[in-house]
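First listed ligand is number 1; within each ligand, the first listed atom is number 1.
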Amino acid sequence: EITKEQQALMKIITDAYNRHQIPQDVAKKLLQDQYSAEENFLLLTEMATSQVQVLVEFTKNIPGFLSLDREDQIALLKGSAVEAMFLRSAQVFSRKMPSGHTEVLEERIRKSGISEEFITPMFNFYKSIGELHMVQEEQALLTTVTILTPDRPYVKDQQAVERLQETMLDVLRKLCVLQHPQEPQYFARLLGRLTELRTLSHYHTEMLASWRMNDHKFTPLLCEIWDV
Ligand SMILES: Cc1cc(C(=O)O[C@@H]2C[C@H]3CC[C@]2(C)C3(C)C)ccc1N
């Protein structure tokens, strides 16, 4: 069962995860602005930029993260940004979004210059996350586990990251048993989604390249986090 300190850890992470939401103005714009491919792309750019800002703020609240080597902190953020972003938008899609917003956002994503070959796997992933009906603690911990992946490029002290990740995995495993007693495989299914996420991040790299080709503008933050 979950110890006292694991309860405390889970509360810190879940509160941080819920505290950092996409700014309301970005969400509101989704419904207002018109529907040209250009407008849609600008909205997604704004959304992605704010999601990265939200991710950085959230990561700073992960107990132990700021004690890691500074350069490793950056390497973990750059290495996990796209996966954390897909995870968060999948969760926003499957739950948080007030009804109606989801359809609008889906429409805008489909009409923003992202080619069909990336759209399909993206929405399949959103569906597969939605079907899990994760509680918010599971969502926050799964994102934390993704961020604390030791084998990201340029991470020097992988052991330190591994120790942190294992701590989080232990809490997540116990939480899954508690929340889904009738489904012993639930924890394994969650980790299976992380594998699906890695595939999505390869599509994402190509997505960026095709936007680049059509001379779409990125924000400085998005250029920095994805070296584009
Ligand atoms: C460089 C750059 C990247 C994105 C992006 O990754 O968007 C993410 C892909 C889907 C998952 C999260 C996104 C915001 C999404 C919902 C469009 C959007 C605009 C942009 N100029």
Could you go through ligand 1 and note, for every N or O atom, any protein N or O atom closer than 3.5 angstrom, writing the atom names and distance to 0.1 Å, or 'none'?
| from | atom 1 | to | atom 2 | distance (Å) |
| --- | --- | --- | --- | --- |
| ligand 1 | 6 (O) | His204 | NE2 | 2.7 |
| ligand 1 | 21 (N) | Thr45 | OG1 | 3.0 |

Discussion item. Show me the pairs that pass salt bridge (charged side-chain N to carboxylate O under 4.0 Å, His left out) and involve residues 9-20, at least two apart or across chains.
Written reply: Lys11-Asp15

Worksheet item: Tell me, which pairs form a salt bridge (charged side-chain N to carboxylate O under 4.0 Å, His left out) where one or both residues lie in residues 178-190, sequence neighbours left out?
Response: Glu183-Arg189

Worksheet item: Is Gln6 reaching over with its side chain to a backbone N or O of Thr3, donor-acceptor style, under 3.5 angstrom?
Response: yes

Worksheet item: Does the Asp72 side chain pair with the main chain of Asp157, one donor and one acceptor, at a distance under 3.5 Å?
Response: yes

Practice prompt. Would you mind reporting whether Pro121 and Leu200 have side-chain heavy atoms less than 4.5 Å apart?
Written response: yes

Practice prompt. Identify, with sequence neighbours excluded, every residue that meets ring pair (Phe, Tyr, Trp, His ring centres under 6.0 Å) alongside His204.
Written response: Phe86, Trp226

